[in-house]
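Bear in mind the structure is a predicted one, so any value in this text is a computation, not a measurement. Below, chains carry the letters A, B, ... as their sequence lines are ordered, and counting in each starts from 1.
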Protein chains: 2
Amino acid sequence: MTALTADELTTSVEDYLKAIYAITRQGHPATTSEIAHWLNLSPPSVSGMVKRLAEQGLLEYQPYKGVELTAKGRRGALTILRRHRIIEAYLVERLGYSWDSVHQEAERLEHAVSEVLIERMADALGNPEFDPHGDPIPRPDGSMAEATSTPMPDIEVGQEGVLHQVRSNDAEQLRFIASVGLKPGTVFTVVAQQPFHGPTTIRIGDTEQVIGHELGSLLRCEVSGEQG
Amino acid sequence: MTALTADELTTSVEDYLKAIYAITRQGHPATTSEIAHWLNLSPPSVSGMVKRLAEQGLLEYQPYKGVELTAKGRRGALTILRRHRIIEAYLVERLGYSWDSVHQEAERLEHAVSEVLIERMADALGNPEFDPHGDPIPRPDGSMAEATSTPMPDIEVGQEGVLHQVRSNDAEQLRFIASVGLKPGTVFTVVAQQPFHGPTTIRIGDTEQVIGHELGSLLRCEVSGEQG
DNA sequence: TAGTAAAATTAGGCAACCCTAAATACGGCA
DNA sequence: TGCCGTATTTAGGGTTGCCTAATTTTACTA
Ligand SMILES: [Mn+2]
Ligand SMILES: [Mn+2]
Ligand SMILES: [Mn+2]
Ligand SMILES: [Mn+2]
């Protein structure tokens with residue numbers, strides 16, 4: 001009776017769905033330890049929860065084989081993702097948050113807002129397609145814009161690029177990226193690229209910055225042309 | 001260790017503090033059944049929780065005698081009340097909510113917003129002193145404006161009044177009040193007042209409305225003068 | 001194909017909260 | 001003063017979610 005009627009997901013469940021969605025985006029089922037690591041929980045906690053989620057029909061679970069979301073689970077994940085990203089956009093646009101500080105606030109609010117509030121925020125912003133990190137905002141029907149963009153280290157030396165998307169939720173990483181003058185929309189030129197996963201050197205305006213490969217891979221850019 | 005460091009209160013605890021604050025405003029300790037009724041819980045649940053809150057130093061509890069908030073508990077209650085009322089004000093001012101529909105949304109959001117967000121919302125609104133229902137918004141230091149105002153049934157026939165405050169959280173009551181054309185700020189004239197807790201008849205613009213005594217008592221007004 | 005290290009699950013617990021049923025305390029009245 | 005109804009607490013349970021320690025499974029390697 002509860003399972004059929006209650007459409008409400010708990011905060012924990014919503015965060016699990018988001019995590020599993022993010023992990024499985026990479027093309028493989030989410031393993032227990034990946035989920036545990038993502039959510040900062042112990043593997044046994046994940047094992048237990050995953051069983052409950054499977055019972056609720058939110059994911060398919062094969063012991064020792066990892067999990068994948070069902071259509072219902074994916075719908076849930078996309079709903080929360082929409083909430084999260086609209087909240088982030090709203091906080092930045094209307095309440096003066098910096099793009100590298102909104103994530104935490106959204107992480108809590110996403111579980112407390114109503115559908116009505118989300119749609120009002122979206123309307124107030126003109127129904128944006130991307131959040132402040134360049135992540136596409138799922139539409140109410142679950143579809144979303146796909147930003148096909150290039151990791152910064154893959155851009156050839158001499159090319160000019162625009163940073164589109166920062167694929168990180170880590171506050172320290174985001175703060176660091178912001179501190180070197182990068183944010184979605186920033187235009188830069190690749191000055192040098194070390195081989196063997198070495199760092200990328202870029203010029204932003206008249207300052208040069210060196211970005212390690214690990215961080216650089218999270219920066220998704222559009223190549224905007226040759227630079228004399 | 002947990003009790004001393006962790007300043008975070010759970011959603012439940014925050015709602016208990018608000019309830020107890022509201023009840024004890026009336027001048028007497030809050031009884032178990034009053035709290036249970038206010039929060040829609042069973043008395044045993046309240047008995048149990050109240051013990052936990054006393055251990056956390058949020059209230060003083062004498063079995064069978066009711067509870068009263070400690071200074072710490074009152075601080076907590078006022079913090080949530082500030083959050084709740086600023087959220088209500090923001091939703092009405094900036095996101096097009098009607099004053100009779102914001103309460104529920106605020107009831108959830110109040111537990112999820114950070115101090116930073118609340119202060120940004122308050123700043124965006126110019127640090128208002130009252131929420132959309134006319135309730136005073138506690139300031140960060142815990143002080144608040146005191147609206148000394150008159151219950152509608154106490155206004156003499158022929159007097160003009162301004163509705164200042166609607167002392168109800170009940171969605172149906174609020175909707176009804178809104179439906180007869182009343183909201184904080186509405187000017188009206190008392191046309192008739194039945195004795196023995198009978199209804200009040202008022203004129204708003206050119207329509208007359210009859211308000212029962214129970215509802216009328218929740219409507220706090222300022223008498224603005226004689227009306228020819 | 002046996003051996004093993006890593007990954008995952010099971011076992012056993014705990015804290016927060018809520019509930020119903022049963023027992024008990026309180027306060028007013030006869 | 002003693003009885004009685006009401007308010008309150010205690011007893012006993014349930015769910016969600018998280019944890020550590022122990023066990024089991026898997027997959028890889030020798
Ligand atoms: Mn979250
Ligand atoms: Mn984002
Ligand atoms: Mn609440
Ligand atoms: Mn209010």
Does [N] have OP1 or OP2 sitting under 4.0 Å from an N or O in the side chain of [X]?
| X | N | answer |
| --- | --- | --- |
| B:S12 | C:dA16 | no |
| B:S45 | C:dC19 | yes |
| A:R52 | D:dT16 | no |

Please tell me which of the listed nucleotides, [options], lies nearest to the side chain of [X]?
| X | options | answer |
| --- | --- | --- |
| B:T31 | D:dT8, C:dC17, D:dT26 | D:dT8 |
| B:S33 | D:dG17, D:dT24, D:dA7 | D:dA7 |
| A:Y61 | C:dC18, C:dA8, D:dC18 | C:dA8 |
| B:Y64 | C:dA25, D:dC18, D:dT25 | C:dA25 |
| A:S47 | D:dC18, C:dA16, C:dT10 | C:dT10 |
| B:V13 | D:dT9, D:dG17, C:dC17 | C:dC17 |
| A:P44 | C:dA16, C:dC18, C:dT9 | C:dT9 |

Practice prompt. Could you check B:S114 against A:E105 for side chain to side chain donor-acceptor pair (under 3.5 Å), going step by step and ending with a plain yes or no?
Written response: CA-CA 7 Å; B:S114 72; A:E105 192 82 44; 2.5 Å; yes
When we call it a touch if two heavy atoms are under 4.0 Å apart, what does [X] touch: a base, just sugar-phosphate, or nothing?
| X | result |
| --- | --- |
| A:K51 | sugar-phosphate |
| B:T32 | sugar-phosphate |
| A:S42 | base |

Could you state the atom-to-atom distance from [atom1] of [X] to [atom2] of [N] in whole Å?
| X | N | atom1 | atom2 | value |
| --- | --- | --- | --- | --- |
| B:H111 | C:dC17 | NE2 | P | 12 Å |
| B:E55 | C:dC17 | CD | P | 12 Å |
| B:H37 | D:dT8 | NE2 | P | 13 Å |
| B:Y16 | C:dA16 | OH | P | 13 Å |
| B:L39 | C:dC17 | CG | C1' | 12 Å |
| A:I35 | D:dG17 | CD1 | C1' | 15 Å |
| A:L41 | C:dC14 | CG | C1' | 16 Å |
| A:E14 | D:dT16 | CD | C1' | 15 Å |

*Starting from the C-alpha separation in whole Å, work towards a yes-or-no answer on side chain to side chain contact (heavy atoms under 4.5 Å, CB included) for A:H28 and A:I23.*
CA-CA 8 Å; A:H28 56 87; A:I23 293 164; 4.1 Å; yes
Paired with B:R83, the salt bridge (Lys or Arg N to Asp or Glu O under 4.0 Å) test is passed by just one of B:E14, B:E107, B:E110, namely B:E14
How about B:P151 and B:R220: do any of their side-chain heavy atoms sit closer than 4.5 Å? yes
Is any side-chain heavy atom of B:P132 closer than 4.5 Å to one of B:E93? no
- [ ] Give a yes or no on whether a salt bridge exists between B:K65 and B:E60, defined as a side-chain N under 4.0 angstrom from a carboxylate O.
- [x] no
